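This report refers to the structure that appears directly beneath it.
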Amino acid sequence: MLFRCVNPVLTRGKFLQNNLPVLIGAFNCPNNSIQVEQIRQITKHWDPKWKKERRQKVIKIKLPTFDEKDDDPTEMSKEEIRSRMKEQGLLPQKPWQERPTFITSTTSVFESYIPPEGDGKYSAISKEGAKQKISFLDKKRKSLMAIRKIKSFDDLFKTSFFLEEALDIYQKAHIALTSKNEDEIIKYVTEHAFPKMTHNIMNKTIHWKFLESLEPARLVHARTTDVLTKENIFAQLTVRFHTQQVLAIYDRFGRLIQGSEILRKDVLEYIVFEKHLANEYGVWRVHDKIIPSWMAPTEIAEGTYVIPKEEHVPEPTEPHSVEATLTENTPKEVTSTQSS
């Protein structure tokens, strides 16, 4: 009786079951005279073209067997592990661990520029200045080839624009150094030059100021090289700066250990800038500083320390013997002698 009292739906002249519960269907029980035909495999759609779509909605997954041997790889043989990994499409694990590396800068200056002796002291009219100009022209051929290589990666590169950018990077790097902001320093300095610039600046106060350029910045050297692969190219440009600056360094006690905030000094520097040309987001950064052998060494500031106070240690006293202690504690007897 309950099978007959299922809510029927008239579909193409037949009463088909609509999967409603039996108790709910009992309220809509039709007349007993109506014969209900039971169909086992119910198709939602009469059009067979939807069978493929319904089949694609179902994802068959392999359920775990909950077997201790399958769950624990240590109890499985090598052949079972190999077949299981092959079935799941997994590659065998390598015995070593590889870590991804990202090379953003080189570790040195390739084909370093050799400054002519006496640069910054002789004018172009003098004999020594004319020799410097001739030697500069001899080295210019390789630099032009390197600049042409840079322009193949950067169409907007121009030497005059780069010199302005290099001076701006140079100033911002030193301003970030005075504030000791490491996140700001790494924007203008490569990983090779970062430890050199930040060495021994702890517990020190740095006052630096850029005054003016005595001579316009000049590009004196340009080189490109590839690292690991031929497409991974780095470029290094050496810029000559002849400027006036003010530098004063104070120690942690506020004492001036180097420089002065009043006196200005003429500074001649050869700064190497580097860029990762193969990287689309590569930028020019300070990479190194070339110090010629003929240049006078800079003054090295002496470190200051706090002199430790001498602690007064009392001198150890010798312990008294027991007999001496008893003699000191006993009262002295006054004896008198009678003369005969």
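Since this is a predicted model, take the numbers as computed values, not measurements. Side-chain atoms are counted along with the backbone in the values below, which use heavy atoms only and exclude waters and symmetry mates. Residues: numbered from 1 along the sequence shown.
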*asked:* Can you tell me how far apart CD (Q171) and CG (D168) are? Round to the nearest 0.5 Å.
replied: 6.5 Å
*asked:* Quick check against the 3.5 Å criterion: does N232 have a side-chain atom that pairs as donor or acceptor with the backbone of V227?
replied: yes
_Are the side chains of L247 and I206 in contact, using a 4.5 Å heavy-atom criterion?_
yes
_Carboxylate-amine/guanidinium proximity below 4.0 Å for R285 and E274_ = no
*For S179 and E184, test the side chains for any donor-to-acceptor distance below 3.5 angstrom and give the result as yes or no.*
no
_Minimum-distance pair of heavy atoms, taken over all atoms of A222 and S143_ = N-OG, 3.3 Å
*Looking only at heavy atoms, which two atoms of I290 and P292 are closest? And how far apart?*
O-CD, 3.6 Å
*Just wondering, do I185 and K180 contact through their side chains at under 4.5 Å, heavy atoms?*
no
_Check: H287/T190 side-chain N/O donor and acceptor closer than 3.5 Å_ = yes
*asked:* To check you understand the geometry: which heavy-atom pair defines the closest contact between I249 and L256, and what is its length?
replied: O-CD1, 3.5 Å
_Check: F273 and V239 side chains under 4.5 Å, non-hydrogen atoms_ = yes
*asked:* When you measure from the side chain of Q244 to the backbone of L214, do you find a donor-acceptor pair of N or O atoms at a distance under 3.5 Å?
replied: no
_For F194, give me all partners under ring-ring contact (aromatic ring centres under 6.0 Å, His included), at least two apart in sequence or on another chain._
none
*Taking the side chain as every heavy atom from C-beta outward, state whether R240 and V220 have any atom pair closer than 4.5 Å.*
yes
*asked:* Test of understanding: with ring-ring contact (aromatic ring centres under 6.0 Å, His included), list the residues that count as partners of F234, not counting sequence neighbours.
replied: H276
*asked:* Within the 3.5 Å criterion, strictly below it, is a donor on Y250 or Q258 matched to an acceptor on the partner's side chain?
replied: no
_Tell me whether the rings of F157 and W284 are parallel (<30°), tilted (30 to 60°) or perpendicular (>60°)._
tilted
_Does the plane of the ring in Y113 sit parallel, tilted or perpendicular to the ring in H221? Use 30° and 60° as the thresholds._
tilted
*Nearest 0.5 Å, what's the CD1-CZ distance between I147 and R223?*
10.0 Å
*Is there side-chain contact between R84 and M76, with at least one heavy-atom pair below 4.5 Å?*
yes
_Residue pair H207 / V246, side-chain heavy-atom distance below 4.5 Å_ = no
*Taking C-beta and beyond as the side chain, do L219 and L163 meet within less than 4.5 Å on heavy atoms?*
yes
*Does F210 have any ring-ring contact (aromatic ring centres under 6.0 Å, His included) partners at least two apart in sequence or in another chain, and if so, which?*
none
*Calculate, to the nearest 0.5 Å, the distance between atoms CZ and CG belonging to F253 and D251 respectively.*
6.5 Å
*Can you tell me how far CD of E269 sits from OG1 of T243, rounded to the nearest 0.5 angstrom?*
6.0 Å
*From I257 CD1 over to R255 CZ, what is the distance, rounded to the nearest 0.5 angstrom?*
11.0 Å
_Student check: side-chain heavy atoms of R218 and H242 closer than 4.5 Å_ = no
*asked:* Determine whether D155 and K151 satisfy the following criterion, salt bridge (Lys or Arg N to Asp or Glu O under 4.0 Å), listing intermediate values before the conclusion.
replied: CA-CA 5 Å; D155 298 335; K151 288 182 178 180; over 6 Å; no
*Could you verify whether a donor N or O on one side chain and an acceptor N or O on the other, from Q236 and T106, lie under 3.5 Å apart?*
yes
